[in-house]
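Order of appearance sets the numbers: ligands from 1, and atoms from 1 within every ligand. From a predicted model like this one, the values you see are computed outputs, not experimental measurements.
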Amino acid sequence: MIPSGGLPNAKSSSTADSSVLQISGGHRLQGHVKISGAKNSALVIMAGALLCSGECRLRNVPLLADVTRIGQVLSALGVRLKQTGDILEIDARVIKTSKAPYELVTQLRASFFAIGPILARLGVAQMPLPGGCAIGARPVDLHVRGLQAMGAEVQIEHGVCNAYVPGSSRRLKGAKIYLDIASVGATETLMMAATLADGETIIENAAREPEVVDLANFCIAMGAKIYGAGTSTITIVGVPQLHSTEYTIIPDRIEAGTFLVAAAITRSELILSPVVPEHLTPIIAKLQDIGVPIIEEAPNCLRTLSAETLRASDIETLPHPGFPTDMQAPFMALLALAEGDSVINESVFENRLRHASELNRLGADIRVKGNVAFVRGVPMLSGAPVLGTDLRASAALVLAGLAAEGKTIVQGLQHLDRGYDRLDTKLQQLGARIQRIPLAQVNAEVASNPTVEELPTSGATNRENVQSQ
Ligand code: EPZ
């Protein structure tokens, strides 16, 4: 029996709000960094545990604010959870309510994906709409249309998506679904819903991200019948119920990519493990194009060598196996120091170039027009106070701070802590001069020393600051 110990708090957002990262740049890194479990797998697999009529044990669960948040959503539904280190035990035998709490779901988009498992298990679900966030409008129309194709009645009222399955069995029906966009979330929501549906479901133009495959493998470990995950056509044959399982989450390819860029931007040699090199193919290919040598040291281990020069290179973000949008911001920081002009086209999200103006604060030369950034490489960056407006933007500013001459102060850690498991601690262990300090300390310094530059103010609404991706 799992006692209701709940989840330990990753750095709470209030702590993150009241602290900043102070970075003295221009130092090389060295050594080995351990890559944590994948955020975008852990979140949806935790939602997937709602499908199980038994207990699940997940391993390699990252310590992230978002994991804590989705744990709170599951607890509110009556699920019992217990985390010990990177092991999470989930008991969803009893789901007490089909109604997810508004204040929690609107803080974490990924919790909306739980509408699939709840509807599949209970035949009814009330899920608040997640709303937009800093990087885009983020509609969920594809999720809703797919559930309707499987026989659900869906009404959106007062910001809540009310779904139920008519008929005595209250069971979803298999269906053929074509996704207009290869959406990760819609593929995951519908794949989960189809595992307990009556009959066969085919999802066409499905997302092929490694996290989608990881979720499918988790469901298969619980007894689901899923074929073709990782391709653009996924077939699911519904089963009456799913059983307990133990599952290990894949390493985080975006965290690994971020450390590869940290090595490149500081001209350092680093060793990263565990990683799944195939998951990083578009990232490694782009780094080699820029002039960064990367060696596969072992099946789950990569080594970067110091890059002589960084060459300009163009990027277009695309669904997997194209170049991942979550790596766009870190690469913009790197290309800001490359020789020549690079063009970055962000084609997945409509508002994901806000870090460009903050990188320009550090001396970069980037112009943005619509969804395209024109990056003219500069010989060096110089430290300054900057503000991260979303998860990957914050990471890009940390990376730029590692390379910049002098001191950089990064605000917006509430974003960083959502998706990176102790990034600053890991960088410190690699020799970075980086410290998490109270905002008050910086402000006191500003007040006592007029030469110290004032910190930028967000100017953003509170909501934008709290909404997680
Ligand atoms: C997932 O978001 C990830 N989040 C994102 O990671 C990632 O950037 C994104 O996939 C793309 O790879 C999680 O897995 C929790 P989408 P998701 O549905 O599923 C449009 C990070 O930094 N769309 O693939 O929400 C949508 O607006 C985060 O870790 C619709 O129009 O992304 C976007 O333009 C950020 N209607 C595009 O599709 C829908 O119903 C791709 O979104 C659904 C999506």
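Between Asp417 and Arg436 a salt bridge is recorded (basic side-chain N to carboxylate O distance below 4.0 Å). A salt bridge is defined here as a Lys NZ or Arg NE, NH1 or NH2 lying under 4.0 Å from an Asp or Glu carboxylate O, and Arg109 with Asp66 fails to meet this definition. Using a 4.0 Å cut-off between a side-chain N of Lys or Arg and a carboxylate O of Asp or Glu, Arg253 and Glu211 qualify as a salt bridge.
Comparing Pro324, Pro139, Ala329, Ala393 against atom 27 (O) of ligand 1, the shortest heavy-atom distance belongs to Pro139. Distances from atom 44 (C) of ligand 1 to the heavy atoms of Ser183, Pro319, Gly185, Ser347 show the closest one on Ser183. Ranked by closest heavy atom to atom 25 (O) of ligand 1, the top entry among Arg352, Arg138, Lys39 is Arg138.
Environment of NZ in Lys99: sparse, with no more than 12 heavy atoms of neighbouring residues, nucleotides or ligands closer than 6.0 Å.
For the pair Val348 and ligand 1, the shortest N or O to N or O distance falls below 3.5 Å. For ligand 1, the polar-atom distance check finds no N/O of Glu350 at less than 3.5 Å from any of the ligand's N/O atoms. At under 3.5 Å, not a single nitrogen or oxygen of Ile181, backbone or side chain, sits near a nitrogen or oxygen of ligand 1. Of the N or O atoms in Val184, one or more lie within a sub-3.5 Å distance of an N or O in ligand 1.
Those atoms of ligand 1 with a heavy atom of Thr325 less than 4.0 angstrom away are 8 (O), 11 (C). The Phe113 neighbourhood of ligand 1 comprises atoms 19 (O), with distances under 4.0 Å to a heavy atom of that residue. Counting atoms of ligand 1 from 1 in the listed order, those under 4.0 Å from a heavy atom of Ala110 are 15 (C).
Put simply, CG on Leu391 and CZ on Arg418 are 8.5 Å apart, with the number rounded to the nearest 0.5 Å.
Shortest non-hydrogen contact noted between Glu255 and Lys34 is OE2-O, 4.4 Å. Listed here is the closest heavy atom pair of Pro117 and Leu51: CA-CD2, 3.6 Å.
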